[in-house]
Amino acid sequence: MNPELTIGLILLLLIILTAIFAPFIAWHPPNQSLAPSLSGPELQYPFGTDSIGRDVFSRVLHGGRVSLMVAVPAVLLALTLGMLLGVPAGYLGGRVDQFLMRLLDIVFAFPAILLAIVVVSILGPSIQNLVITIGIIYTPRMARIVRAPILSVKERDFVGASRAVGASEFRLVTRHVIPNASAPVIVEVSLALSQIVITEAALSFLGLGPPPPNPSWGAMLSDSRQFMQIAAWNVLAPGIAIVIAVGSFQLIGHGLRRTLDPRQRM
Amino acid sequence: MIQIITRRLLMLIPILLGVSILTFGAMHAIPGDLAVILLGVERAQDPVALENIRAKYGLDEPVPVQYAKWLGNAVRLDFGDSLRLNVPVRDEIMRRLPITIQLAMMSVVYGLVVGGVIGTMAAIRGGWWGAFGRLYNIFGIAVPSFFLATLLILFGTRYVGFIPTLEYVRFTEDPVRNMMLMIYPTLSLGTGLSAVIGENVRSAVTETMSLDHVRVARSKGLAERSVVLRHILKNAMIPITTVTGLQAAFLLGGTIIVETIFAIPGLGRLALSAINLRDYPLMMGIVLIIAVMVVLASLIADLLYALFDPRIRVS
(Lines give C-alpha, C1' and ligand atoms only; values in the text may rest on other atoms or scores of the structure.)
Protein backbone atom coordinates (compact mmCIF):
# COMPACT_ATOMS: atom_id res chain seq x y z
CA MET A 1 0.00 0.00 0.00
CA ASN A 2 1.59 3.27 -1.06
CA PRO A 3 1.58 6.40 1.11
CA GLU A 4 -0.77 8.36 -1.19
CA LEU A 5 -3.45 5.70 -0.91
CA THR A 6 -3.00 5.35 2.86
CA ILE A 7 -3.23 9.07 3.60
CA GLY A 8 -6.12 9.47 1.17
CA LEU A 9 -8.11 6.66 2.78
CA ILE A 10 -7.45 7.99 6.30
CA LEU A 11 -8.66 11.46 5.29
CA LEU A 12 -11.71 10.02 3.54
CA LEU A 13 -12.57 7.91 6.57
CA LEU A 14 -12.28 11.03 8.72
CA ILE A 15 -14.66 12.92 6.43
CA ILE A 16 -17.18 10.09 6.23
CA LEU A 17 -17.20 9.52 9.99
CA THR A 18 -17.52 13.21 10.86
CA ALA A 19 -20.29 13.55 8.27
CA ILE A 20 -22.25 10.56 9.56
CA PHE A 21 -21.78 11.39 13.24
CA ALA A 22 -21.96 15.17 12.83
CA PRO A 23 -24.97 15.55 15.18
CA PHE A 24 -23.09 13.68 17.93
CA ILE A 25 -19.68 15.30 17.44
CA ALA A 26 -20.83 18.90 17.16
CA TRP A 27 -22.52 20.00 20.37
CA HIS A 28 -24.43 22.84 18.72
CA PRO A 29 -27.12 22.45 16.04
CA PRO A 30 -25.93 23.73 12.61
CA ASN A 31 -28.83 26.03 11.77
CA GLN A 32 -29.55 27.86 15.01
CA SER A 33 -28.29 31.26 16.05
CA LEU A 34 -26.99 30.75 19.56
CA ALA A 35 -24.15 33.15 20.10
CA PRO A 36 -22.99 36.67 19.27
CA SER A 37 -22.21 36.89 15.55
CA LEU A 38 -18.64 36.60 14.23
CA SER A 39 -17.06 35.64 17.56
CA GLY A 40 -13.57 34.21 17.23
CA PRO A 41 -12.51 30.61 17.82
CA GLU A 42 -12.83 29.52 21.46
CA LEU A 43 -13.47 26.27 23.29
CA GLN A 44 -17.23 26.60 23.03
CA TYR A 45 -17.10 27.45 19.30
CA PRO A 46 -13.87 25.91 17.89
CA PHE A 47 -14.18 27.63 14.48
CA GLY A 48 -16.01 30.73 15.78
CA THR A 49 -19.52 31.75 14.78
CA ASP A 50 -20.86 33.12 11.52
CA SER A 51 -22.57 36.42 10.73
CA ILE A 52 -25.85 35.34 12.34
CA GLY A 53 -24.27 33.57 15.32
CA ARG A 54 -24.34 29.96 14.14
CA ASP A 55 -21.59 27.52 15.16
CA VAL A 56 -19.18 27.26 12.18
CA PHE A 57 -17.69 23.97 13.47
CA SER A 58 -21.09 22.32 13.45
CA ARG A 59 -21.91 23.79 10.03
CA VAL A 60 -18.64 22.52 8.52
CA LEU A 61 -19.32 18.97 9.79
CA HIS A 62 -22.91 19.04 8.55
CA GLY A 63 -21.72 20.59 5.28
CA GLY A 64 -19.72 17.42 4.69
CA ARG A 65 -22.99 15.49 4.82
CA VAL A 66 -24.53 17.64 2.11
CA SER A 67 -21.39 17.42 0.01
CA LEU A 68 -21.29 13.60 0.20
CA MET A 69 -25.07 13.36 -0.27
CA VAL A 70 -24.63 15.09 -3.63
CA ALA A 71 -21.27 13.63 -4.71
CA VAL A 72 -21.81 9.92 -4.03
CA PRO A 73 -25.21 9.49 -5.76
CA ALA A 74 -24.04 11.76 -8.61
CA VAL A 75 -20.96 9.66 -9.29
CA LEU A 76 -23.02 6.45 -9.12
CA LEU A 77 -25.46 7.93 -11.63
CA ALA A 78 -22.62 8.99 -13.91
CA LEU A 79 -21.02 5.55 -13.62
CA THR A 80 -24.27 3.73 -14.44
CA LEU A 81 -25.09 5.92 -17.43
CA GLY A 82 -21.44 5.89 -18.50
CA MET A 83 -21.41 2.07 -18.52
CA LEU A 84 -24.65 1.96 -20.49
CA LEU A 85 -22.94 4.09 -23.17
CA GLY A 86 -19.31 2.99 -22.83
CA VAL A 87 -19.71 -0.81 -22.67
CA PRO A 88 -21.64 -1.13 -25.96
CA ALA A 89 -19.36 1.43 -27.62
CA GLY A 90 -16.20 -0.45 -26.65
CA TYR A 91 -17.54 -3.98 -27.08
CA LEU A 92 -19.45 -3.56 -30.34
CA GLY A 93 -16.97 -1.09 -31.86
CA GLY A 94 -17.43 0.06 -35.45
CA ARG A 95 -20.21 2.45 -36.28
CA VAL A 96 -21.89 2.29 -32.86
CA ASP A 97 -18.60 3.28 -31.27
CA GLN A 98 -17.94 6.05 -33.81
CA PHE A 99 -21.41 7.49 -33.37
CA LEU A 100 -21.39 7.43 -29.57
CA MET A 101 -17.90 8.90 -29.29
CA ARG A 102 -18.70 11.79 -31.66
CA LEU A 103 -21.83 12.42 -29.60
CA LEU A 104 -19.71 12.66 -26.46
CA ASP A 105 -17.27 15.03 -28.21
CA ILE A 106 -20.17 17.43 -28.61
CA VAL A 107 -20.95 17.41 -24.89
CA PHE A 108 -17.24 17.90 -24.10
CA ALA A 109 -17.34 21.23 -25.93
CA PHE A 110 -19.34 22.72 -23.05
CA PRO A 111 -17.50 23.47 -19.79
CA ALA A 112 -18.96 21.30 -16.99
CA ILE A 113 -19.54 24.23 -14.67
CA LEU A 114 -21.33 26.24 -17.40
CA LEU A 115 -23.65 23.30 -18.16
CA ALA A 116 -24.29 22.84 -14.46
CA ILE A 117 -25.13 26.52 -13.96
CA VAL A 118 -27.50 26.60 -16.95
CA VAL A 119 -29.30 23.37 -16.04
CA VAL A 120 -29.59 24.05 -12.31
CA SER A 121 -30.84 27.59 -12.94
CA ILE A 122 -33.58 26.19 -15.23
CA LEU A 123 -34.50 23.22 -12.96
CA GLY A 124 -34.11 25.14 -9.70
CA PRO A 125 -31.61 24.27 -6.95
CA SER A 126 -32.35 21.25 -4.79
CA ILE A 127 -30.21 18.32 -3.70
CA GLN A 128 -32.06 16.03 -6.09
CA ASN A 129 -31.60 18.34 -9.08
CA LEU A 130 -27.93 18.78 -8.25
CA VAL A 131 -27.42 15.00 -8.23
CA ILE A 132 -29.19 14.57 -11.58
CA THR A 133 -27.45 17.51 -13.24
CA ILE A 134 -23.95 16.66 -12.03
CA GLY A 135 -24.49 12.95 -12.72
CA ILE A 136 -25.44 13.61 -16.33
CA ILE A 137 -22.62 16.10 -16.86
CA TYR A 138 -20.02 13.56 -15.71
CA THR A 139 -21.52 10.74 -17.81
CA PRO A 140 -19.47 11.40 -21.00
CA ARG A 141 -16.21 11.24 -19.05
CA MET A 142 -17.23 7.95 -17.45
CA ALA A 143 -18.35 6.52 -20.79
CA ARG A 144 -14.98 7.33 -22.33
CA ILE A 145 -13.06 5.82 -19.40
CA VAL A 146 -15.22 2.65 -19.42
CA ARG A 147 -14.83 2.23 -23.19
CA ALA A 148 -11.04 2.43 -23.50
CA PRO A 149 -9.98 -0.72 -21.58
CA ILE A 150 -12.89 -2.71 -23.03
CA LEU A 151 -11.48 -2.17 -26.52
CA SER A 152 -8.36 -4.12 -25.58
CA VAL A 153 -9.83 -6.60 -23.08
CA LYS A 154 -12.36 -7.94 -25.57
CA GLU A 155 -9.48 -9.07 -27.84
CA ARG A 156 -7.76 -11.07 -25.09
CA ASP A 157 -7.51 -14.85 -25.31
CA PHE A 158 -9.62 -15.68 -22.28
CA VAL A 159 -12.62 -13.91 -23.84
CA GLY A 160 -12.20 -15.89 -27.04
CA ALA A 161 -11.81 -19.05 -24.97
CA SER A 162 -15.08 -18.62 -23.12
CA ARG A 163 -16.79 -17.73 -26.40
CA ALA A 164 -15.41 -20.99 -27.82
CA VAL A 165 -16.89 -23.05 -25.00
CA GLY A 166 -20.28 -21.49 -25.72
CA ALA A 167 -20.71 -18.64 -23.24
CA SER A 168 -23.46 -16.20 -24.19
CA GLU A 169 -22.54 -12.66 -25.23
CA PHE A 170 -24.22 -11.31 -22.09
CA ARG A 171 -22.15 -13.61 -19.90
CA LEU A 172 -18.99 -12.70 -21.81
CA VAL A 173 -19.53 -8.99 -21.19
CA THR A 174 -20.68 -9.17 -17.58
CA ARG A 175 -18.37 -11.94 -16.30
CA HIS A 176 -15.20 -11.52 -18.35
CA VAL A 177 -14.94 -8.16 -20.09
CA ILE A 178 -16.25 -5.70 -17.46
CA PRO A 179 -14.38 -7.16 -14.42
CA ASN A 180 -11.08 -7.14 -16.31
CA ALA A 181 -11.58 -3.60 -17.56
CA SER A 182 -12.45 -2.15 -14.18
CA ALA A 183 -9.07 -0.92 -12.86
CA PRO A 184 -8.98 2.44 -14.72
CA VAL A 185 -12.66 2.90 -13.96
CA ILE A 186 -12.08 2.65 -10.21
CA VAL A 187 -9.32 5.26 -10.49
CA GLU A 188 -11.59 7.53 -12.50
CA VAL A 189 -14.47 7.21 -10.03
CA SER A 190 -12.19 8.50 -7.31
CA LEU A 191 -10.91 11.40 -9.44
CA ALA A 192 -14.45 12.20 -10.61
CA LEU A 193 -15.60 12.33 -6.98
CA SER A 194 -12.99 14.99 -6.31
CA GLN A 195 -14.17 17.03 -9.30
CA ILE A 196 -17.81 16.62 -8.28
CA VAL A 197 -17.11 17.89 -4.76
CA ILE A 198 -15.55 21.00 -6.36
CA THR A 199 -18.44 21.38 -8.81
CA GLU A 200 -21.00 21.17 -6.01
CA ALA A 201 -19.03 23.65 -3.92
CA ALA A 202 -18.67 26.01 -6.89
CA LEU A 203 -22.41 25.86 -7.59
CA SER A 204 -23.25 26.60 -3.96
CA PHE A 205 -20.62 29.36 -3.99
CA LEU A 206 -22.56 30.92 -6.88
CA GLY A 207 -25.84 30.52 -5.00
CA LEU A 208 -27.04 27.50 -6.99
CA GLY A 209 -26.37 24.83 -4.39
CA PRO A 210 -28.67 23.09 -1.92
CA PRO A 211 -31.17 25.71 -0.72
CA PRO A 212 -30.66 27.24 2.76
CA PRO A 213 -30.62 26.50 5.62
CA ASN A 214 -28.72 23.40 4.42
CA PRO A 215 -25.11 24.06 5.41
CA SER A 216 -22.95 23.76 2.31
CA TRP A 217 -19.22 24.50 2.15
CA GLY A 218 -19.39 26.60 -1.00
CA ALA A 219 -22.26 28.74 0.28
CA MET A 220 -20.60 29.18 3.69
CA LEU A 221 -17.51 30.46 1.91
CA SER A 222 -19.34 32.95 -0.26
CA ASP A 223 -21.64 34.15 2.55
CA SER A 224 -18.75 34.92 4.88
CA ARG A 225 -16.45 36.55 2.30
CA GLN A 226 -17.74 40.01 3.09
CA PHE A 227 -16.72 39.59 6.75
CA MET A 228 -13.46 37.79 6.13
CA GLN A 229 -11.19 40.66 7.16
CA ILE A 230 -12.62 40.49 10.68
CA ALA A 231 -13.55 36.79 10.81
CA ALA A 232 -11.07 34.86 8.67
CA TRP A 233 -12.01 31.54 10.27
CA ASN A 234 -15.40 31.78 8.60
CA VAL A 235 -13.87 31.41 5.13
CA LEU A 236 -10.89 29.26 6.12
CA ALA A 237 -12.88 26.48 7.82
CA PRO A 238 -15.19 25.56 4.91
CA GLY A 239 -12.38 26.22 2.39
CA ILE A 240 -9.98 23.85 4.14
CA ALA A 241 -12.77 21.29 4.45
CA ILE A 242 -13.20 21.38 0.65
CA VAL A 243 -9.44 21.01 0.12
CA ILE A 244 -9.30 17.99 2.47
CA ALA A 245 -12.28 16.30 0.81
CA VAL A 246 -11.06 16.94 -2.74
CA GLY A 247 -7.47 16.12 -1.78
CA SER A 248 -8.46 12.78 -0.22
CA PHE A 249 -10.20 11.64 -3.43
CA GLN A 250 -7.23 12.86 -5.49
CA LEU A 251 -4.77 11.00 -3.25
CA ILE A 252 -6.84 7.82 -3.47
CA GLY A 253 -7.12 8.15 -7.26
CA HIS A 254 -3.38 8.72 -7.74
CA GLY A 255 -2.51 6.01 -5.23
CA LEU A 256 -4.81 3.47 -6.87
CA ARG A 257 -3.44 4.32 -10.30
CA ARG A 258 0.10 3.65 -9.11
CA THR A 259 -0.93 0.39 -7.47
CA LEU A 260 -3.03 -0.86 -10.38
CA ASP A 261 -0.92 0.33 -13.31
CA PRO A 262 2.60 -1.14 -13.23
CA ARG A 263 3.86 1.43 -15.77
CA GLN A 264 3.28 4.21 -13.25
CA ARG A 265 5.50 2.54 -10.65
CA MET A 266 8.99 3.90 -10.56
CA MET B 1 0.41 18.00 -43.21
CA ILE B 2 -2.16 19.74 -45.43
CA GLN B 3 -4.11 16.50 -45.52
CA ILE B 4 -4.18 16.35 -41.73
CA ILE B 5 -5.40 19.92 -41.49
CA THR B 6 -8.18 19.38 -44.03
CA ARG B 7 -9.29 16.15 -42.39
CA ARG B 8 -9.33 17.81 -38.99
CA LEU B 9 -11.23 20.83 -40.32
CA LEU B 10 -13.85 18.56 -41.89
CA MET B 11 -14.31 16.84 -38.52
CA LEU B 12 -15.20 20.24 -37.09
CA ILE B 13 -18.43 20.40 -39.09
CA PRO B 14 -20.37 17.58 -37.37
CA ILE B 15 -19.15 18.69 -33.92
CA LEU B 16 -20.14 22.32 -34.49
CA LEU B 17 -23.52 21.21 -35.88
CA GLY B 18 -24.03 19.03 -32.80
CA VAL B 19 -23.07 21.89 -30.50
CA SER B 20 -25.56 24.19 -32.24
CA ILE B 21 -28.34 21.57 -32.10
CA LEU B 22 -27.74 21.11 -28.37
CA THR B 23 -27.86 24.87 -27.74
CA PHE B 24 -30.97 25.21 -29.90
CA GLY B 25 -32.56 22.29 -28.05
CA ALA B 26 -31.79 23.85 -24.68
CA MET B 27 -33.48 27.06 -25.81
CA HIS B 28 -36.60 25.06 -26.68
CA ALA B 29 -36.50 23.24 -23.36
CA ILE B 30 -37.14 26.50 -21.49
CA PRO B 31 -40.79 26.44 -20.50
CA GLY B 32 -42.98 29.15 -22.05
CA ASP B 33 -43.62 30.83 -25.42
CA LEU B 34 -40.29 31.11 -27.23
CA ALA B 35 -41.18 34.49 -28.76
CA VAL B 36 -41.80 35.92 -25.29
CA ILE B 37 -38.66 34.25 -23.94
CA LEU B 38 -36.52 35.80 -26.69
CA LEU B 39 -38.13 39.23 -26.43
CA GLY B 40 -38.62 39.49 -22.70
CA VAL B 41 -42.01 40.00 -21.12
CA GLU B 42 -41.91 43.80 -21.43
CA ARG B 43 -41.13 44.06 -25.13
CA ALA B 44 -43.47 41.16 -25.91
CA GLN B 45 -46.38 43.51 -25.08
CA ASP B 46 -45.73 45.12 -28.47
CA PRO B 47 -47.55 43.01 -31.11
CA VAL B 48 -45.31 44.31 -33.91
CA ALA B 49 -42.13 43.22 -32.14
CA LEU B 50 -43.72 39.86 -31.37
CA GLU B 51 -44.65 39.42 -35.04
CA ASN B 52 -41.11 40.38 -36.14
CA ILE B 53 -39.41 37.88 -33.86
CA ARG B 54 -41.79 35.12 -34.98
CA ALA B 55 -40.94 35.87 -38.60
CA LYS B 56 -37.18 36.15 -37.94
CA TYR B 57 -36.92 32.73 -36.28
CA GLY B 58 -39.86 31.14 -38.15
CA LEU B 59 -41.53 30.29 -34.86
CA ASP B 60 -44.81 29.35 -36.61
CA GLU B 61 -43.01 26.91 -38.88
CA PRO B 62 -41.83 23.32 -38.25
CA VAL B 63 -38.87 22.85 -35.89
CA PRO B 64 -36.30 21.97 -38.62
CA VAL B 65 -37.11 25.26 -40.38
CA GLN B 66 -36.77 27.11 -37.07
CA TYR B 67 -33.39 25.49 -36.52
CA ALA B 68 -32.23 26.40 -40.03
CA LYS B 69 -33.25 30.03 -39.55
CA TRP B 70 -31.67 30.17 -36.10
CA LEU B 71 -28.46 28.62 -37.42
CA GLY B 72 -28.42 31.04 -40.35
CA ASN B 73 -28.54 33.92 -37.89
CA ALA B 74 -26.05 32.31 -35.50
CA VAL B 75 -23.47 31.83 -38.25
CA ARG B 76 -23.62 35.58 -38.85
CA LEU B 77 -23.26 35.95 -35.05
CA ASP B 78 -26.75 37.43 -34.91
CA PHE B 79 -28.22 36.28 -31.61
CA GLY B 80 -30.76 39.07 -31.32
CA ASP B 81 -30.77 41.75 -28.64
CA SER B 82 -29.90 41.27 -24.99
CA LEU B 83 -33.07 41.62 -22.89
CA ARG B 84 -31.50 43.60 -20.07
CA LEU B 85 -28.68 45.47 -21.75
CA ASN B 86 -30.70 46.56 -24.81
CA VAL B 87 -27.74 46.08 -27.13
CA PRO B 88 -27.14 43.38 -29.74
CA VAL B 89 -25.80 40.22 -28.09
CA ARG B 90 -22.98 40.13 -30.65
CA ASP B 91 -21.65 43.57 -29.68
CA GLU B 92 -21.66 42.77 -25.96
CA ILE B 93 -19.90 39.43 -26.52
CA MET B 94 -17.27 41.02 -28.77
CA ARG B 95 -16.62 43.70 -26.15
CA ARG B 96 -16.08 41.12 -23.39
CA LEU B 97 -14.35 38.33 -25.31
CA PRO B 98 -10.82 39.85 -25.47
CA ILE B 99 -10.77 40.24 -21.68
CA THR B 100 -11.58 36.57 -21.13
CA ILE B 101 -9.10 35.47 -23.79
CA GLN B 102 -6.40 37.54 -22.08
CA LEU B 103 -7.14 35.93 -18.71
CA ALA B 104 -7.23 32.44 -20.24
CA MET B 105 -3.96 32.95 -22.15
CA MET B 106 -2.17 34.34 -19.09
CA SER B 107 -3.37 31.34 -17.08
CA VAL B 108 -2.17 28.92 -19.75
CA VAL B 109 1.28 30.54 -19.82
CA TYR B 110 1.43 30.46 -16.01
CA GLY B 111 0.24 26.86 -15.94
CA LEU B 112 2.77 25.76 -18.56
CA VAL B 113 5.72 27.49 -16.89
CA VAL B 114 4.95 26.42 -13.30
CA GLY B 115 3.67 22.96 -14.27
CA GLY B 116 6.58 22.47 -16.65
CA VAL B 117 9.24 23.39 -14.10
CA ILE B 118 7.70 21.42 -11.20
CA GLY B 119 6.92 18.39 -13.35
CA THR B 120 10.36 18.27 -14.93
CA MET B 121 12.23 18.78 -11.67
CA ALA B 122 10.08 16.15 -9.92
CA ALA B 123 10.91 13.64 -12.64
CA ILE B 124 14.65 14.25 -13.12
CA ARG B 125 15.68 15.11 -9.55
CA GLY B 126 13.42 12.77 -7.58
CA GLY B 127 13.92 12.84 -3.80
CA TRP B 128 12.70 16.05 -2.21
CA TRP B 129 11.64 17.52 -5.57
CA GLY B 130 9.77 14.34 -6.42
CA ALA B 131 7.78 14.43 -3.19
CA PHE B 132 7.08 18.15 -3.52
CA GLY B 133 5.99 17.68 -7.16
CA ARG B 134 3.56 14.92 -6.29
CA LEU B 135 2.11 16.90 -3.41
CA TYR B 136 1.82 20.08 -5.50
CA ASN B 137 0.12 18.23 -8.36
CA ILE B 138 -2.47 16.73 -6.02
CA PHE B 139 -3.23 19.76 -3.87
CA GLY B 140 -3.00 22.23 -6.75
CA ILE B 141 -6.10 20.54 -8.11
CA ALA B 142 -7.69 20.18 -4.69
CA VAL B 143 -7.74 23.93 -3.97
CA PRO B 144 -10.75 25.26 -5.85
CA SER B 145 -10.27 28.51 -7.78
CA PHE B 146 -12.84 30.36 -5.66
CA PHE B 147 -11.08 29.42 -2.39
CA LEU B 148 -7.68 30.38 -3.78
CA ALA B 149 -9.12 33.68 -5.02
CA THR B 150 -10.61 34.33 -1.59
CA LEU B 151 -7.28 33.58 0.11
CA LEU B 152 -5.43 35.87 -2.30
CA ILE B 153 -7.83 38.74 -1.59
CA LEU B 154 -7.78 38.05 2.16
CA PHE B 155 -4.01 37.90 2.57
CA GLY B 156 -3.11 39.98 -0.47
CA THR B 157 -4.91 43.08 0.77
CA ARG B 158 -3.27 42.60 4.19
CA TYR B 159 0.32 41.94 3.24
CA VAL B 160 0.82 42.79 -0.45
CA GLY B 161 -0.55 46.30 -0.83
CA PHE B 162 0.72 47.10 -4.30
CA ILE B 163 -1.40 44.54 -6.19
CA PRO B 164 -4.87 45.98 -6.77
CA THR B 165 -7.95 43.82 -6.28
CA LEU B 166 -11.60 44.31 -7.20
CA GLU B 167 -11.08 46.97 -9.83
CA TYR B 168 -10.70 46.86 -13.56
CA VAL B 169 -8.72 48.92 -16.05
CA ARG B 170 -8.63 47.99 -19.72
CA PHE B 171 -5.30 46.92 -21.18
CA THR B 172 -5.56 49.68 -23.78
CA GLU B 173 -6.01 52.34 -21.08
CA ASP B 174 -3.18 51.39 -18.74
CA PRO B 175 -1.28 48.21 -19.68
CA VAL B 176 0.85 48.12 -16.53
CA ARG B 177 -2.05 48.45 -14.13
CA ASN B 178 -4.08 46.01 -16.21
CA MET B 179 -1.36 43.35 -15.94
CA MET B 180 -0.97 44.04 -12.22
CA LEU B 181 -4.64 43.48 -11.49
CA MET B 182 -4.65 40.31 -13.58
CA ILE B 183 -2.05 38.71 -11.27
CA TYR B 184 -4.46 37.28 -8.68
CA PRO B 185 -7.06 36.12 -11.22
CA THR B 186 -4.28 34.41 -13.20
CA LEU B 187 -2.97 32.68 -10.06
CA SER B 188 -6.52 31.58 -9.12
CA LEU B 189 -7.26 30.15 -12.54
CA GLY B 190 -3.77 28.94 -13.47
CA THR B 191 -2.86 26.98 -10.34
CA GLY B 192 -5.25 24.11 -11.02
CA LEU B 193 -4.04 24.03 -14.62
CA SER B 194 -0.39 24.06 -13.52
CA ALA B 195 -1.06 21.00 -11.33
CA VAL B 196 -2.73 19.10 -14.18
CA ILE B 197 0.13 20.02 -16.54
CA GLY B 198 2.72 19.32 -13.83
CA GLU B 199 1.42 15.79 -13.30
CA ASN B 200 1.45 15.10 -17.03
CA VAL B 201 4.93 16.58 -17.49
CA ARG B 202 6.18 14.46 -14.60
CA SER B 203 4.89 11.20 -16.03
CA ALA B 204 5.85 12.11 -19.61
CA VAL B 205 9.40 13.04 -18.60
CA THR B 206 9.71 9.94 -16.40
CA GLU B 207 8.69 7.77 -19.32
CA THR B 208 10.95 9.57 -21.82
CA MET B 209 13.99 9.36 -19.53
CA SER B 210 14.20 5.60 -19.90
CA LEU B 211 14.01 5.65 -23.71
CA ASP B 212 16.97 4.49 -25.78
CA HIS B 213 17.75 7.79 -27.48
CA VAL B 214 18.21 9.47 -24.10
CA ARG B 215 20.65 6.78 -23.00
CA VAL B 216 22.53 7.24 -26.30
CA ALA B 217 22.62 11.02 -25.81
CA ARG B 218 24.06 10.56 -22.31
CA SER B 219 26.57 7.93 -23.33
CA LYS B 220 27.97 10.04 -26.13
CA GLY B 221 28.82 12.61 -23.47
CA LEU B 222 26.25 15.37 -23.96
CA ALA B 223 25.88 17.84 -21.12
CA GLU B 224 23.01 16.97 -18.78
CA ARG B 225 21.39 20.30 -19.60
CA SER B 226 21.15 19.60 -23.30
CA VAL B 227 20.04 16.00 -22.69
CA VAL B 228 17.11 17.34 -20.68
CA LEU B 229 16.22 20.19 -23.01
CA ARG B 230 16.85 18.66 -26.43
CA HIS B 231 16.09 15.00 -25.87
CA ILE B 232 13.73 14.68 -22.93
CA LEU B 233 11.59 17.81 -22.89
CA LYS B 234 11.25 17.99 -26.66
CA ASN B 235 9.74 14.50 -26.66
CA ALA B 236 7.64 15.12 -23.58
CA MET B 237 6.11 18.20 -25.27
CA ILE B 238 3.94 15.95 -27.41
CA PRO B 239 1.54 14.62 -24.76
CA ILE B 240 1.62 17.96 -22.93
CA THR B 241 0.19 19.79 -25.96
CA THR B 242 -2.82 17.49 -25.99
CA VAL B 243 -3.41 17.79 -22.26
CA THR B 244 -3.28 21.58 -22.39
CA GLY B 245 -5.76 21.62 -25.28
CA LEU B 246 -8.13 19.39 -23.34
CA GLN B 247 -8.12 21.87 -20.45
CA ALA B 248 -9.72 24.63 -22.56
CA ALA B 249 -13.22 23.77 -21.34
CA PHE B 250 -12.06 23.66 -17.71
CA LEU B 251 -10.29 27.00 -18.16
CA LEU B 252 -13.20 28.83 -19.80
CA GLY B 253 -15.57 27.39 -17.21
CA GLY B 254 -13.23 28.66 -14.51
CA THR B 255 -13.40 32.22 -15.88
CA ILE B 256 -17.07 32.33 -14.83
CA ILE B 257 -16.11 32.07 -11.16
CA VAL B 258 -12.81 33.96 -11.21
CA GLU B 259 -14.16 36.91 -13.21
CA THR B 260 -17.17 37.13 -10.91
CA ILE B 261 -14.99 37.19 -7.79
CA PHE B 262 -12.50 39.76 -9.12
CA ALA B 263 -15.13 41.90 -10.87
CA ILE B 264 -13.45 41.49 -14.26
CA PRO B 265 -15.94 42.43 -16.99
CA GLY B 266 -15.24 39.42 -19.23
CA LEU B 267 -17.41 36.80 -20.90
CA GLY B 268 -17.52 34.51 -17.84
CA ARG B 269 -18.99 37.14 -15.57
CA LEU B 270 -21.41 38.12 -18.34
CA ALA B 271 -22.49 34.47 -18.63
CA LEU B 272 -23.36 34.24 -14.94
CA SER B 273 -25.31 37.50 -14.91
CA ALA B 274 -27.16 36.51 -18.11
CA ILE B 275 -28.18 33.25 -16.45
CA ASN B 276 -29.19 34.93 -13.19
CA LEU B 277 -31.24 37.56 -15.02
CA ARG B 278 -32.80 35.01 -17.40
CA ASP B 279 -31.45 36.97 -20.37
CA TYR B 280 -31.87 34.00 -22.72
CA PRO B 281 -30.65 35.48 -26.06
CA LEU B 282 -27.44 36.62 -24.35
CA MET B 283 -27.07 33.30 -22.52
CA MET B 284 -27.47 31.23 -25.71
CA GLY B 285 -25.01 33.44 -27.57
CA ILE B 286 -22.37 33.07 -24.86
CA VAL B 287 -22.87 29.31 -24.47
CA LEU B 288 -22.46 28.82 -28.20
CA ILE B 289 -19.38 31.07 -28.43
CA ILE B 290 -17.70 29.33 -25.49
CA ALA B 291 -18.38 25.89 -26.99
CA VAL B 292 -16.96 27.02 -30.34
CA MET B 293 -13.85 28.32 -28.56
CA VAL B 294 -13.36 24.97 -26.80
CA VAL B 295 -13.69 23.12 -30.11
CA LEU B 296 -11.20 25.48 -31.78
CA ALA B 297 -8.74 25.08 -28.88
CA SER B 298 -8.77 21.31 -29.27
CA LEU B 299 -8.26 21.78 -33.02
CA ILE B 300 -5.19 23.93 -32.39
CA ALA B 301 -3.86 21.41 -29.86
CA ASP B 302 -4.28 18.61 -32.41
CA LEU B 303 -2.48 20.59 -35.11
CA LEU B 304 0.38 21.43 -32.74
CA TYR B 305 0.56 17.76 -31.84
CA ALA B 306 0.96 16.92 -35.52
CA LEU B 307 3.60 19.64 -35.84
CA PHE B 308 5.63 18.32 -32.86
CA ASP B 309 5.38 14.67 -33.79
CA PRO B 310 7.29 13.89 -37.00
CA ARG B 311 5.61 10.48 -37.25
CA ILE B 312 2.28 12.18 -37.83
CA ARG B 313 3.70 15.04 -39.87
CA VAL B 314 5.29 12.74 -42.44
CA SER B 315 2.65 10.06 -42.83
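Every chain is numbered from 1, with letters handed out A, B, ... down the list of sequences.
If you tally non-hydrogen atom pairs under 4.5 Å between each of B:T150, B:V143, B:L251 and chain A, the highest count goes to B:T150. Across B:I141, B:L252, B:I21, B:N276, the residue that shares the most heavy-atom pairs under 4.5 angstrom with chain A is B:I141. Looking only at heavy-atom pairs under 4.5 Å with chain A, the residue among B:A291, B:G253, B:G254 that has the most is B:A291. Most heavy-atom pairs under 4.5 Å with chain B, from the set A:L251, A:I244, A:I106, A:D105: that is A:I106.
Heavy atoms of B:V292 lying under 4.5 Å from chain A are absent altogether. Only the side chain of B:I256 comes within contact range of chain A, with heavy atoms under 4.5 Å apart. In this structure, chain B has heavy atoms under 4.5 Å from both the backbone and the side chain of A:A201. Of the two parts of A:F249, neither the backbone nor the side chain holds a non-hydrogen atom closer than 4.5 Å to a non-hydrogen atom of chain B. With a 4.5 angstrom heavy-atom cutoff, B:L151 touches chain A only via side-chain atoms. Contact annotation for B:M293: neither backbone nor side-chain heavy atoms come within less than 4.5 Å of a heavy atom of chain A. Proximity to chain B involves both the backbone and the side chain of A:I198, based on heavy atoms less than 4.5 angstrom apart. Residue B:I153 touches chain A through both its backbone and its side chain, counting heavy-atom pairs closer than 4.5 Å. Neither the backbone nor the side chain of A:L208 comes within contact range of chain B; no heavy atom of the residue lies under 4.5 Å from a heavy atom of that chain. Both the backbone and the side chain of A:A202 come within contact range of chain B, judged by heavy atoms closer than 4.5 Å. For chain A, the nearby parts of B:I15 are the backbone and the side chain; heavy atoms of each come within less than 4.5 Å.
Looking only at side-chain heavy atoms (C-beta outward), B:F147 and A:I242 stay at 4.5 Å or farther from each other. Side chains of B:L154 and A:R225 form no contact here, defined as non-hydrogen atoms less than 4.5 Å apart. Side-chain contact between B:E199 and A:Q250 is absent, with no heavy atoms from C-beta onward closer than 4.5 Å. In this structure, the side chains of B:I261 and A:F205 come closer than 4.5 Å at one or more pairs of heavy atoms.
The two residues B:A249 and A:P111 come nearest to each other via the heavy atoms O-CB, 3.2 Å. The shortest heavy-atom contact between B:P144 and A:V243 is CD-CG2, 4.2 Å. Residues A:G247 and B:I138 share a closest heavy-atom pair of O-CG2, 4.2 Å.
Close approach to chain B, defined as a heavy atom under 4.5 Å from one of its heavy atoms, is seen in A:L114, A:I117, A:V118, A:S121, A:I122 of residues 114-125 of chain A, taken by number. Residues from residues 131-145 of chain A never place a non-hydrogen atom less than 4.5 Å from a non-hydrogen atom of chain B.
If you take CZ on A:R257 and OG on B:S203, they are separated by 8.0 Å, rounding to the nearest 0.5 Å. In this structure, CD1 on B:I257 lies 11.0 Å from OG on A:S222, to the nearest 0.5 angstrom.
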Yes or no on side chain to side chain contact (heavy atoms under 4.5 Å, CB included) for A:F110 and B:T23, after CA distance, side-chain angles and deciding distance?
CA-CA 10 Å; A:F110 299 94; B:T23 315; 3.8 Å; yes
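Within a 6.0 Å sphere centred on CZ of A:R102, heavy atoms belonging to other residues, nucleotides or ligands number more than 12.
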